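What you are looking at is a predicted structure, and each value in this text was computed from that prediction instead of being measured. Residue numbering restarts at 1 for every chain, and letters A, B, ... go by the order of the sequence lines.
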Number of protein chains: 2
Amino acid sequence: MGRWEPDANGRMVRAAMELFAERGFEQTTAGDIAARAGVTERTFFRHFADKREVLFDSSRTLERTAVEAILAAPADDTPLDAALAGMLAAGGLLEDRHEHSVRRFAIISANPGLQERELLKLAALAEATAGALRGRGVAEPAATLAAQSAVTVFQVGFARWVSAEQPPGIGVCIADAAAALRALR
Amino acid sequence: MGRWEPDANGRMVRAAMELFAERGFEQTTAGDIAARAGVTERTFFRHFADKREVLFDSSRTLERTAVEAILAAPADDTPLDAALAGMLAAGGLLEDRHEHSVRRFAIISANPGLQERELLKLAALAEATAGALRGRGVAEPAATLAAQSAVTVFQVGFARWVSAEQPPGIGVCIADAAAALRALR
DNA sequence: AGCATCGATGTCAGGCACTGACATCATCAG
DNA sequence: CTGATGATGTCAGTGCCTGACATCGATGCT
């Protein structure tokens, strides 16, 4: 494994979360994070493409979970239903990490650069979702539209989930947002 | 006005478009753009917050146009209809700049960092749209959902408009995308 | 045990993005 | 003609990120 202690990756992620919460994203240098994690700045950039990426280490997992759920959804589900099933599955990964999600949300909300990166990850999620829908035989532009709509529902539901005092399940938040979307005319 | 020739801003925008098309975004330094525009690198950063921003100089205009159209939409329009009216108005600004839009789209598509910035601008457009809908009395989360849906329609319509060999009007592309969205179940 | 191998890490040098501070120049009001 | 104002130029400096190379730790083979 590594030269010293194991799980350098996790240590850097945790160090970054701490430092960003303490002093803010811009007031934290990549070297600061590396130092707290007990590695070198160079090592930090071997694990993460850039400074922001350290906050998005689990986005691929989220994506994969969504895609699998979409492909496993009942064959007679509409494209939107299937996509929403993917969002519910993705949300499930966060269900027991509410506090962590709240902290992370606060950090990202405080910095435009991080919001930018979050949007890119959500766009990737939407594209993966659209790809899964196409795998189910959905044609364009329906695949893209359903995928993007589902991700929007995820965003709205997630925002309520992290903002609520007495948080309901994230599944409820997503389902409510989905209902509100369908109510649009 | 300026110390030398007028319209330094426009010169920098044009120089950037040329250089990005010639060598790509990453292979172009801020100093390169400034030099071709006949100014200093420092002046470039006085006009644009960062190197990417030079490609998004007109996004505020787009936003303002959309908001005005939404506020001017018939009172009995549904939230989604009003938001889509805003998108059509915004698209109208691009109607007679098809070639420029194609070139710009190609540049942005070739670079993840620029896509990130584009997503941020679209998110800002969505937020402005949601604000305009709230101004019409639309409550949350309907305002956000309708706004985001409209922006998605804009994206899909725009993508077809810049990709089509024989381009129809951008209004047609947006209207078609809107119809496809409503056809989702 | 001894040795070769391989991946992860450390070290170093350097380019580019971006910023603060200060000087300079063009324009315009008076 | 002069002072004020705003845009530009100049300069120094920090931080992000990368390439190249050396080094270490674990693993497998003999």
Next on the checklist: Between P on C:dC18 and CD1 on B:Ile33, what's the gap in Å once rounded to a whole number?
Outcome noted: 10 Å

Checklist entry - For B:Ala8 and A:Phe45, take the nucleotide of DNA chain D holding the closest heavy atom to each; which residue's nucleotide lies nearer the 5' end? => result B:Ala8

Checklist entry - With sugar-phosphate meaning primed atoms plus P, OP1 and OP2, does A:Thr43 contact a base, only sugar-phosphate, or nothing at under 4.0 Å between heavy atoms? => result sugar-phosphate

Item to check | Neighbour count above 12 (heavy atom, 6.0 Å) for B:Glu99 CD | outcome: no

Checklist entry - Would you say B:Val39 and B:Arg11 make side-chain contact, with heavy atoms under 4.5 Å? => result yes

Checklist entry - Can you check the A:Glu53 CD to D:dC16 C1' distance for me, whole Å? => result 14 Å

Item to check | B:Glu41 CD - C:dC16 C1' separation (whole Å) | outcome: 8 Å

Checklist outcome for this item: Comparing A:Arg52 with B:Thr40, nearest DNA chain D nucleotide closer to 5' gives the residue B:Thr40

Checklist entry - Does a side-chain N or O from A:His47 land closer than 4.0 Å to OP1 or OP2 of C:dT9, or not? => result yes

Item to check | B:Asp50 side chain, from C-beta outward: closest of C:dT19, C:dC18, D:dA20 | outcome: C:dC18

Next on the checklist: Rounded to whole Å, please give me the gap between CZ in A:Arg46 and P in D:dC16.
Outcome noted: 17 Å

Checklist entry - For A:Phe44 and D:dG15, what is the distance between atoms CZ and C1' respectively, to the nearest whole Å? => result 13 Å

Item to check | Side chain proximity check, A:Ser149 to B:Leu181, heavy atoms < 4.5 angstrom | outcome: yes

Checklist entry - Taking CD from B:Gln27 and P from C:dG15, how many angstroms apart are they, rounded to a whole number? => result 16 Å

Next on the checklist: Contact between A:Phe44 and A:Thr40 at the side-chain level, heavy atoms closer than 4.5 Å - yes or no?
Outcome noted: no

Next on the checklist: Measure CE/A:Met12 against C1'/C:dG10 and give the value in whole Å, please.
Outcome noted: 13 Å

Checklist entry - Nearest to the side chain of B:Arg42 - C:dC16, D:dG9, C:dG20? => result C:dG20

Next on the checklist: From CZ of B:Phe48 over to P of C:dT19, roughly how many Å is that when rounded to an integer?
Outcome noted: 14 Å

Next on the checklist: Within a 6.0 Å radius of atom CZ on B:Arg23, are there more than 12 heavy atoms belonging to other residues, nucleotides or ligands?
Outcome noted: yes

